[in-house]
Amino acid sequence: MDEETVDRLVIEAKGGNTAAFAGIFDEYAAPIYRFIASRVKSPSDAEDLTQLVFVKALEALPRYEARGIPFGGWLFRLARNAIIDQVRTRRDHLPLVTAMTRETEEASPEAAAALRDDLDRVADALANLTDDQREVIELRFFAGLSVDEAAAAMGRQAGTIRGLQFRAIASLRRSLGIESGAGATAPASGPTVTVEVRM
Amino acid sequence: MSAYDDNDLTSLNRLEDLLDAYCDARLMPRGAILSRIRTTVLAQAAASAASAAAANRLQALAGSAPKAPRWTISSPFARRALAFGFAACLTLGTSLAVLAAPPGSPFYNARVSLETFVLPSEVGDRVAGHERLLAERLGEAQAAAARSDPAALAAALAAYRTEVEAATADVGDDAALLAHLEEELAHHTAVLTALEAQLPDDAAIDKAIDASSKAITRLQARGESAHPTHPPQGGSPGNGPSGSGHGQDGGE
């Protein structure tokens, strides 16, 4: 969905058009969920927070004014704040890896074990990033935001986001052993999702 | 992107594949999660929209209705004036309640004291005022007796006795004033005696008659001493009570 369409839906939703809000939900629900799931420790928390973010968006929408901030950035800022509030108030989560792992059921036991290893390495590599670097990866790769949207969500300049992303990618490549020209371990086969990332 | 060579792009693609696999395996919503969230959120959106529409309709209705005047006082001067007015009304109301207080009411004694307090200072006018008040107290006593109100009767007669004492004290030695007051009290005594005939068991009437009679006696004694009707030994027999005050000098 292009920005113009999103802006039109936002205007209609502000006027009380429920169908327009449904369009916004359909566009952003999965990215918001992925972003939240990358930062909380249980699927139920991710579900609750995703719902909360859209309820908050519904309440705050009448006060939303573009003013150069992309709607996606504004929405992800709500999500970010909701996560911060949730982390601040709850500390009884299960570790993400044990709680949310969903490896492919179709793969052989060996392939599944290999995939699990790869994913654990990715999780470790992500854990080694700084908070800002990790958040940029989450917003850009997992949620699929543009640089401007990620900048709006994090309250930073676009140039800062690009710098953080550059350093995060370099760190991930080092951690995962996929330096340029080096043979990297390909992820085990399994269902994947294409996340559009504009580098 | 131009900063990356082919090897970089290859490694970036590999990294992207890994991140995609990670996202798919561990971050994608399972099953009907999004549909559950969608149902809840859109139900809330519909409720909000309905509520907002209702609020708008109410606002439109309220906007078309004539506005009621707002009774607010913003000026400090107006607030002070209002407070002063309120206090004045309160004072005036209390004063009216005192001035109209009937015998037996809580304000009656205050009224009697106030009426005595405001009497003029000149002796003749003051005694005339006392006589007027005595007549009023007596009238109140008669009215209370007529309506069989012993409390009001007792209060009126107690005030009457107090007024008799005050009048006696203020009358001085002027023969005309003494005589007039004595005459008034004699008339009151007759009225009270008639009242006693109606209410023989009422002690307040007896006390009032007693006070009035004793006052008459005192007035007579004072008149005698100030204007003796019998001249002292060797004095002029022509001196009478009609003299202007000092009779012993009158015949000389």
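First the proteins, then the strands, lettered A, B, ... as listed; each starts at 1.
Residue R63(A) qualifies as open at atom CZ: its count of foreign heavy atoms under 6.0 Å is 12 or below. At most 12 heavy atoms of other shown residues, nucleotides or ligands fall within 6.0 angstrom of atom NZ in K56(A).
Using the six-membered ring where Trp is involved, Y28(A) and F76(A) have ring planes that are perpendicular, over 60° apart on the 30 and 60° scheme.
Heavy-atom pairs under 4.5 Å with chain B peak, among L58(A), T50(A), I36(A), V55(A), at L58(A). Of the listed residues (L42(B), L34(B), L19(B)), the greatest number of heavy-atom pairs within a distance under 4.5 Å of chain A belongs to L19(B).
With a threshold of 4.5 angstrom between heavy atoms, N17(A) does not approach chain B through any atom at all. Using a 4.5 Å cut-off between heavy atoms, L61(A) makes no contact with chain B at all.
For the pair A168(A) and L129(A), the tightest heavy-atom approach, listed with the atom from each and the gap, is O-CD2, 3.7 Å.
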